[in-house]
Amino acid sequence: MTKMAEEQWRSGVILRRNRPGSSAKDFRRWPDEPFEEMDSTLAVQQFIQQTIRRDPANLEAILKIPEAQDDGVWKYEHLRQFCMELNGLAVRLQSECKPEICTQMTATEQWIFLCAAHKTPKECPAIDYTRHTLDGAACLLNSNKYFPSRVSIKESSVAKLGSVCRRVYRIFSHAYFHHRAIFDAFEKETHLCKRFTYFVTKYSIISKEILILPKLEDETPIAQQPGESEA
Amino acid sequence: MKIPTAMDDSSVSHHNGGQVGSQIGVSVNNKQNEESSQSVQYSIPGVLHFIQHEWARFEVERSQWEVDRAEFEARIAFLQGERKGQENLKNDLVRRIKMLEYALKQERAKFHKLKYGVDLQQGDMRPPTEEPTQEPEPSERAQWKQGRQLIKQYLQEIGYTDTILDVRSNKVRTLLGLNNEEPADDSSHRNCDKQQHYSMNTALNRKMYEYGGKDQRKGAQQGSGYNEEGMSVQETAAVFANFEFLSNQEMDMDEIDDLDAKQMHHTTTKQGEDVDQEAEDVLTELNLLTESEADGGQGDEFPTVKFPATSATVAREGDGKPLALGELAQLTVSNESEGYDVASASKESFRKTWNAKYSLRSHFDGVRALAFHPTRAALVTASEDHTLKMWDLQRTVPAKKSAGLDVEPLYTFRAHTAPVLCLAMGAPRSEECFSGGLDGTIRVWNLPPPIADPYDSYDPAVLGPVLREHTDAVWSLSCAGGRLLSSSADGTARLWSPRDPRPLLATLRDDAPGSTSAPAAADFADAACRAAVVYTDGTLLLYDLETGQVVLRVPCDSPANRVRSHPTLPLLVTAHEDRHIRFWDAVSGRCAHAMVAHLDAVTGLALDPNGLFLLSGSHDCSVRLWNLDTKTCVQEITAHRKKFDESILDVAFHPLRPYIASAGADGLAKVFV
Ligand SMILES: [Zn+2]
Ligand SMILES: [Zn+2]
C-alpha cells in the first residue's frame, strides 16, 4: 500500500480528487474512469455521477446498467442520486412555495397527499411535505437497518424503494402544477424529472397510473392518465 | 505573539536610548553640554552609569523578592505546622474513640459476666493501641465499592482513565498524609477508607475545577456531562419517546404508504382532520417532553460557565475578544495555581484510545466539512449533496450490529445550490454557523434549538444573511470573535463581519508579481490579528488584518490543503499534498518541523483547544492523532472509504467535550470518544 501510494504520487497518474482552492468549473472535472476499473465500494455512485456529468440529458446512457451489475444496487444508487438532486428543487421551492398558499400537498385537485414522515400521517403544507419526504428518504436510504451495504442489498429492502419513489414523484408533480416556472428552470438545467420518469418506467417501480405529469418534451413515451384535470 | 518587524525593533531601541538620556540627564548634564551635544546622546560614562543604576535597581528588587520569598516560606511553614497540628488532633480524637470503645467493651463484658457468669466472646479485647482494624460491615463496604465503581465508570465515560484515577487518589492520599501513616497506627480501617473515599470524591471535584483551570468550561462541561449521564426520568422518557417515534416513522414509510394515496379529497376531509388532531397531540406531547429536557440541558450548560468565573471566562465572553486570547489568559491563571498538574492531567486524559462511537449516516454524497457546537454534544456537517445537517449526539438510535450508535440528523439546512465545501461554527451562544459552497456563496445559518424535531414545519428564520462577494468556490472558513475569514478559488481571502449591513471588511490578495495561485485555506492567527493563508502552490502568507498587508511570506513547493494556527503559540501547521505536515514559526517563518504524516495527501487538520494534540486526516483513509510536543503519532484510525481518489475530507475536535470527528468522501461522518 505504501509503495503503491508513493508510486502513484511520484508518477503523477490521474488522481480524481477536488483540491481545495480549485475553481468551481473544475469540480469533478477529471477523465472518466471505466466502470470495470473502479474498485471502490462506491463504484456505482461514481459511475452514475460520472455519466450524468458527461451529459445530463442523455437518459439512455445514464440509465444503462453496466454488465453484471446487481440490479438492486443500481436502482438504489439511482434513487439516492435523485433524492440528492431533488434538494436543488426543494431549495428553489423554499422561496416560493409558502405554507400559507400551498397549505396542502397537492398536484391536481384530485388528491391530497398526507406526509408519511410523522407518527401518524399528516396533512403537511407542500413545502413541509417536500422537506419531510426528502429528509425521511435520506434517513431510510442511509438506514443501517435496511441498507447497511452499498454493494449488495436485500430483496426486502429493494421493495422499500417503490414507496420512496412514489413520494418523490409528488414533489415533481406539485412543482409542475403549482410552480411551473421553477419546475421548468430546474428541469432545463437538470433533466431530473425526465430522468426520474424514465427510471421508474423502465424498472416498473411505480405504476403508470400514478405518473400524472403530461409527457415532457423528448421524453420516452409514457401512457397518460385519462381524465386528468389540471389546476 | 506580535511579530516584530525590523521597523519595530529599531523604534524600540531608539526609545530606550531616549530614556537613558533622560535618566542620566541630571548628573551628566554638564558633560553633555561640554561635548558638542549633537544628535548622539550616548557616552561611555553615561551608559556605564545607566548600567550601574539599573544594576542597583535590580539588586533592590531582588532583595525585595528575597524578603517576599522568606515571607512565603514562613507562611508555608506555618500552614504545614497547622496541618500537622490538625493531624495530631485527629489522631488524638481517634485514640480517644478507641479508648471509649475499649472501655465500653470492658463494661459490657463485666455486665455479661455478672449476669450469666460466662465470659463474653467479644472479638477483641485488647487495648486499642494494638487493636487490629475492625472489618467494615460487608454491606456498607459493598456500597462504597459500588459507588466507587460507578464514579469510575462515569469518569471513564468522560475521558478519565483508571491510571489517572489511581494517580490522583494517590496524590490525594499523600496530600492528606495518609500514605505515610502506618495502618496499625491508624485506628480503624473503615475510618481510613471512608475518609479516603470522601477525600477522593472531593479531590476529584477539585481536580475537575483545576482541569478547568486550563479551560474552565471544559471542566465544568465535563461536570455537567457527568450530570447528564445520570439522566433524569423526564429526559429518559423523552429519549424513549424519541426512539419510539423514529421506529414508528420507519414503519410508516412502508405501511402508511398506500393509505395516504387512497385518501380521496372529498371523502377524507374528516378523516384527515382526525389524523391531524391525533398527530398534533402526539407532537405536543413530544414537544413537552423534549422541552423539559432542554430546560434541564440549558440549566446544565450555562451556570457551569459562570461558576469559577475569572478574568479568563470574562475575556472569552467579551464580544470583541478573540478566542485565543481567552485561552491564553486561562493558561496563565492555571499556571499560577498548579500549572504542571493541569498540563499533565489533560495530557493523560488524551492518552486514552479513541473509539468510533457514533456514525452519522444521512448525507447522499461526500461530507466536505464538519464542526462541533461550541458547547453542546452536537455538530454540523456540510456535504456535496448541497445540504448541511445538524446532529445531536444525545439523540441516538442503537445500531444493530456494532457497539456504535446511529444518529439521525436533527435538521437539514437547504439553500446552497451546489456542493457545500466548508463550515465554521460561530462563537459560543451565538447559535449560528457559516457555510461556504461551490456556488461561491457564504451563508449564515441560525441553528435551530436542540428541541427541534426534524419533521417540524419549515421556518425560514434558519436562513441568515448571504455573502456573495466571492466569484468562485469558497473553500475555507474560520470564525473568531464574531469575524469570519474565507478563502476562495477567486484568488482572494476575505474578512467579514457577517451580520453587518456592509459585511465585507477586507479583501486579502497576494499582490506579489507572478503569484497566480488561489488560496486553498485560511485561518486566523495571532489572536485573530492576522490571517494565515496557504495557496495551492504551497506558499504560506501571513496577512496583518489591520492593514491587509502581507507580513510574512514562506515559500514551499508542495501544494497545501489546510492551515491551522496553534491556539496559544506562534505556530502554524500546514497539511500538504506531498503527505507532509509542516510546522512553521509564525514569527520568523522558519520551518520548525516537517514530517511525512500519511501515506497520501493530508487533507484535514485540527488542533485540540489546549494545543497539545493535532488531528490529521488523509486520502489514505486514516485519521491520525499526534502529540504536538514529540510529533509522534499517538493513534491511527481507519475511518472512511474511498470515493474516486478521495477519502477523508475533514477532521475536528470538540472545543470542550472529549469528542473527535472525521468526515469522508463516502458520505459518512464519524464521531469518536
Ligand atoms: Zn407549493
Ligand atoms: Zn410532514
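Proteins get letters first, then strands, A, B, ... in listed order; numbering begins at 1 in each.
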Could you tell me which portion of [X] (side chain, backbone, both or neither) has an atom closer than 4.5 angstrom to a non-hydrogen atom of chain B?
| X | answer |
| --- | --- |
| A:Asn18 | both |
| A:Glu85 | neither |
| A:Gln81 | neither |
| A:Met38 | side chain |
| A:Phe47 | neither |
| A:Asp128 | side chain |

Would you check if there is a donor-acceptor pair between the side chains of B:Asp472 and B:Ser488 at a distance under 3.5 Å? no

Would you mind checking which part of B:Arg562 comes under 4.5 Å of any heavy atom in chain A, side chain (CB onward), backbone (N, CA, C, O), both or neither? neither

Please answer whether the main-chain N or O of A:Lys160 pairs with a side-chain N or O of A:Ser163 as donor and acceptor at a distance below 3.5 Å. yes

Return the option, out of [options], with the maximum number of heavy-atom pairs under 4.5 Å with chain B.
| options | value |
| --- | --- |
| A:Cys83, A:Ala90, A:Gly88 | A:Cys83 |
| A:Ser95, A:Ala43, A:Ser22 | A:Ser22 |
| A:Asp26, A:Leu134, A:Ile127, A:Leu141 | A:Leu134 |
| A:Gln46, A:Arg80, A:Lys25, A:Arg19 | A:Gln46 |

N-O pairing of A:Arg92 and A:Glu189 below 4.0 Å: yes

A:Cys165 to A:Phe199 - nearest heavy-atom pair and separation: SG-CE2, 4.3 Å

side-chain hydrogen bond (donor to acceptor under 3.5 Å, both in side chains) partners of A:Arg150, counting only residues at least two apart: A:Gln45, A:Glu77

Is the distance from the ring center of A:His118 to that of A:His132 below 6.0 Å? yes

